[in-house]
Structures are given as C-alpha cells and as structure tokens.
2 protein chains.
Amino acid sequence: MNDGEIKYKNYLHSKGQKFTPERQIILKEVLALAHHFDVDELYERLRRKGHRVSRATIYRTLPSLVENKIIKEAVRCQDNITKYEYIFGHDHHDHIVCIKCGKIYEFKNEQIEKLQEITCKGYKFKPVEHRLGIRGYCQKCRRG
Amino acid sequence: MNDGEIKYKNYLHSKGQKFTPERQIILKEVLALAHHFDVDELYERLRRKGHRVSRATIYRTLPSLVENKIIKEAVRCQDNITKYEYIFGHDHHDHIVCIKCGKIYEFKNEQIEKLQEITCKGYKFKPVEHRLGIRGYCQKCRRG
DNA sequence: TATCTAATTGTAATTCAGTCTCAATTGCAA
DNA sequence: TTGCAATTGAGACTGAATTACAATTAGATA
C-alpha cells in the first residue's frame with residue numbers, strides 16, 4: 001500500500017468504515033490520474049481496465065476522498081458536471097477556465113501568492129488555503 | 001431607464017438582440033436585489049409582483065446578464081443550484097473567510113488584478129470574471 | 001404608420017448528473 | 001466461524017437546466 005492508501009484506510013477506520021476492494025480500486029485510479037477528472041471519465045477508465053465498479057459506488061466514494069483531502073472539487077466548469085482534482089502530494093495551482101468549451105489552464109504565479117500573503121498579514125489572518133479561478137473565453141472561443 | 005438598463009440594452013443591441021419586456025422585468029428585479037439569488041427565488045419574487053415571466057426565459061436571460069457583467073455566478077453552494085450575485089455598480093472584491101467563525105473580509109488588490117490580466121494575456125485568454133477566496137483563521141480564531 | 005422578419009416567448013417534453021432504495025453481499029471484530 | 005453493520009450494484013427516481021416548436025413580438029425599414 002502506498003501513502004495515499006494508508007492515509008485513506010486510516011481515515012475510513014477512524015470513522016468505522018471499511019476499506020473495500022471497490023474503494024481501493026477507485027483510490028488507486030484517482031492517484032494514478034495526474035489531472036482533472038469527472039465521474040464518467042473515472043468510470044470509463046476503470047471499465048477499460050476490467051474493473052466493474054458501479055457509478056453509484058464512485059459517486060459515494062469521491063466525497064469521502066474529498067473529506068480526506070486526497071482530492072478536491074475543482075472549479076465549476078461549463079457544463080454543470082462536478083470535476084475533481086487530485087491534491088494529495090501535488091503542488092497548489094490556480095485555474096483559468098473557458099466558459100464556452102470548458103478548457104482548463106493551470107497556472108501558478110508566485111507574485112500573486114506573495115501579494116495574498118501580504119494582504120492576509122494586514123488583516124492578521126492566517127491563510128490555510130485559497131482558490132483563484134478566472135473565467136472567460138479561450139483563444140479559440142473568443143472569436144466565435 | 002437607469003444605468004443598468006441602458007447598459008444592457010446597448011449590449012443586446014450590439015448583438016442584434018432585443019430588449020424585450022421580459023428581459024427588462026428580469027433586469028429590474030435583479031438590480032433591486034442586493035445579494036445572492038437563484039432562479040427560483042427570482043421567479044417567485046417576480047410572480048409575487050404579478051409578473052408572469054417563465055422559468056425558461058429566466059434561464060435564458062441570466063447567462064446574458066452574466067456576460068454583460070451585471071451579475072456573476074456565485075460560489076458553488078452545497079446543493080447544486082447555480083447562484084448568482086449582483087455586481088453591476090458594486091465594486092469587485094475578493095474574500096478572506098475565517099474557517100472557524102465565518103467572518104468575511106472583503107479586499108481588493110490592484111496588483112493582483114493586474115497580474116491576473118497579464119497571466120490571461122499569456123494564454124491569449126479573454127477574462128470575464130474571476131473569483132479569489134482565501135480561507136484560514138482570523139486573528140481571534142488563530143489563537144483559540 | 002404599416003410591413004416584414006428574425007428574435008423571443010411560454011409550454012411542455014426532454015436531458016442527464018446525481019441521489020436514493022433495497023435486496024444481496026461482504027469486511028471485520030469478537 | 002459467526003453476526004451484523006457497512007457496502008455494493010441495479011435501477012428507479014429527482015430536479016435543475018435545456019430544448020423543440022408554434023405563436024408572438026421588437027424594432028428596422030420603407
């Protein structure tokens with residue numbers, strides 16, 4: 001078992017819940033995904049690999065992975081699908097999202113991060129996390 | 001007609017669209033709302049005032065008000081309803097939210113805004129709106 | 001002012017992500 | 001090994017949001 005699996009198993013145990021094969025399969029795949037994903041993508045990937053985990057189980061498992069901070073809900077995208085994003089062991093980054101086609105750019109700007117810290121200091125506020133999402137039109141869609 | 005209505009009418013005109021009574025009614029109500037709202041709240045308010053605008057029309061109008069920067073989609077809330085927030089005539093601001101006591105500081109940092117614009121330019125992306133929320137502990141709560 | 005036409009509207013049907021029910025199954029503690 | 005609460009899959013259900021379509025209308029033009 002890798003770090004993520006141990007973390008999740010302990011988390012489930014602490015809540016009197018079980019580390020089932022289905023949950024392990026889902027977690028494994030989520031940890032293998034480098035980027036954003038939604039329930040359907042995850043379902044199809046598992047299916048292609050021969051794992052028969054139902055959509056219902058995926059829908060039930062992802063929120064608990066969110067609570068365990070292994071993934072988080074990503075920015076709202078164009079269609080109203082909930083997208084998730086791997087965070088366990090990954091660096092923080094912000095998002096630029098196209099309203100029209102749903103394309104997502106990830107970026108990180110150290111100056112912005114720094115300015116946020118300075119702002120927080122001004123309020124004597126201790127930041128834990130932040131989320132910055134810019135929405136608009138990508139190069140292709142701004143023409144349409 | 002007030003500023004908002006003129007702005008919207010011009011916007012519609014520029015796209016070859018019409019400033020219909022329904023759109024005017026919706027806009028008027030939106031401008032009268034000081035805070036967050038969703039489609040159903042808006043529909044009920046209009047209904048109580050005797051306006052018979054269909055939900056479909058509201059669903060069709062709000063996105064164009066978003067594009068015209070009169071409102072914006074608010075943060076995703078718990079239930080998956082799309083919430084909107086009045087912005088026209090209000091200054092844009094970002095949020096610092098205390099995880100513990102819920103206190104909200106509003107702030108705006110021109111340098112951060114500028115850096116976002118530069119970042120978008122780098123991606124040839126046309127920003128429509130952005131959302132920055134910092135979560136953590138306020139001065140009082142960080143001690144606790 | 002009357003005419004014309006593309007845009008718009010309301011209704012109702014449809015879509016579809018997400019949730020829920022329930023019977024069957026299973027992890028795991030004792 | 002047993003007992004049972006937690007879990008699963010299948011499929012029914014929910015409800016926000018979208019769409020088709022026929023009727024209506026805003027607004028440009030003459």
Side-chain angles (χ1 to χ4, degrees), chain A residues 1 5-6 8-29 36-44 46-47 50-68 71 73-84 99-102, chain B residues 1 5-6 8-29 36-44 46-47 50-68 71 73-84:
Chain A
M1 274 202 290
E5 287 173 55
I6 291 166
Y8 189 43
K9 188 176 182 180
N10 288 340
Y11 164 82
L12 288 172
H13 193 262
S14 76
K15 302 196 76 175
Q17 297 176 335
K18 298 169 185 174
F19 190 55
T20 64
E22 289 82 2
R23 284 177 179 159
Q24 187 165 13
I25 287 165
I26 291 168
L27 175 58
K28 260 203 161 74
E29 193 60 35
H36 299 74
F37 65 94
D38 58 40
V39 168
D40 249 46
E41 281 167 41
L42 186 54
Y43 177 77
E44 289 302 335
L46 292 177
R47 206 143 224 284
H51 300 300
R52 299 278 152 164
V53 179
S54 73
R55 279 193 169 78
T57 298
I58 295 176
Y59 273 113
R60 284 188 279 235
T61 301
L62 294 184
S64 91
L65 290 176
V66 169
E67 187 160 326
N68 194 213
I71 58 177
E73 278 191 15
V75 282
R76 183 198 289 264
C77 57
Q78 185 234 351
D79 37 16
N80 251 11
I81 294 167
T82 301
K83 292 244 180 193
Y84 292 92
I99 296 168
K100 200 165 179 191
C101 71
Chain B
M1 274 203 288
E5 287 172 54
I6 291 165
Y8 189 44
K9 187 175 183 179
N10 288 341
Y11 164 82
L12 288 172
H13 192 262
S14 77
K15 302 197 76 173
Q17 297 176 334
K18 297 169 182 173
F19 190 55
T20 64
E22 289 81 2
R23 286 178 178 158
Q24 186 164 14
I25 288 166
I26 291 168
L27 175 57
K28 261 205 160 71
E29 193 60 35
H36 299 74
F37 65 94
D38 58 41
V39 168
D40 248 47
E41 281 167 39
L42 186 55
Y43 177 77
E44 288 303 333
L46 292 176
R47 204 144 225 282
H51 301 300
R52 300 279 152 163
V53 179
S54 73
R55 279 193 171 78
T57 298
I58 295 175
Y59 274 112
R60 284 187 279 235
T61 302
L62 294 185
S64 92
L65 290 176
V66 169
E67 188 158 328
N68 195 214
I71 57 176
E73 280 191 13
V75 280
R76 181 198 289 264
C77 57
Q78 208 173 2
D79 38 13
N80 250 13
I81 295 165
T82 302
K83 293 244 177 190
Y84 293 92

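The shown structure was predicted, so the numbers you read here are calculated from the model rather than taken from an experiment. Chain A is the first sequence line, chain B the second, and so forth, proteins listed ahead of strands; every chain is numbered from 1.
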Side chain of A:Arg23 only, please: which of D:dT7, D:dG9, D:dA26 is the nearest?
-> D:dT7
Considering just the side-chain nitrogens and oxygens of A:His13, establish if one lies under 4.0 Å of OP1 or OP2 belonging to C:dA29.
-> yes
Does a donor on one side chain and an acceptor on the other come within less than 3.5 Å for A:Tyr59 and A:Arg55?
-> no
Of B:Lys9 and B:Ala56, the one whose closest nucleotide on DNA chain D sits nearer the 5' end is B:Ala56
Which nucleotide in C:dA17, D:dA10, C:dT9 has an atom nearest any side-chain atom of A:Arg60 | D:dA10
Looking only at heavy atoms, which two atoms of B:Tyr8 and B:Ser64 are closest? And how far apart?
-> OH-OG, 2.6 Å
Interatomic distance where CZ belongs to B:Arg55 and C1' belongs to D:dT19 [whole Å] | 17 Å
Report yes if at least one side-chain N or O of B:Thr20 is closer than 4.0 Å to OP1 or OP2 of C:dT9; otherwise report no.
-> yes
Report the distance from atom CG of B:Asp40 to atom P of D:dT14, rounded to the nearest whole Å.
-> 17 Å
Nearest of D:dA26, D:dT18, C:dC28 to any side-chain atom of A:Phe19?
-> C:dC28
From CD1 of A:Ile58 across to P of C:dG18 the rounded distance in Å is 12 Å
What is the distance from atom CG of A:Asp40 to atom CZ of A:Arg47, rounded to the nearest 0.5 Å?
-> 11.0 Å
Of D:dA6, D:dT19, C:dA6, the nucleotide closest to the side chain of A:Gln17 is D:dA6
Just how far, in rounded Å, is P of D:dA16 from CG of B:Leu62?
-> 15 Å
Please work out if A:Arg52 contacts a base, only the sugar-phosphate, or nothing of the nucleic acid, heavy-atom cut-off 4.0 Å.
-> sugar-phosphate
So, the side chain of A:Arg23 versus the backbone of A:Lys18: is there a donor-acceptor pair under 3.5 Å, distance only?
-> yes
Which nucleotide, D:dA17, C:dG18, C:dT9, lies nearest any side-chain atom of A:Tyr59?
-> C:dG18
Would you kindly give the CD-to-C1' distance between B:Gln24 and C:dT9, to the nearest whole Å?
-> 16 Å
Could you grab the distance from atom CD of A:Glu67 to atom NZ of A:Lys15, nearest 0.5 Å is fine?
-> 4.0 Å
Could you tell me the separation between the CG atom of B:Leu46 and the P atom of C:dT9, rounded to a whole number of Å?
-> 13 Å
Options D:dT7, D:dG9, D:dT19, nucleotide nearest the side-chain atoms of A:Lys18 = D:dT7
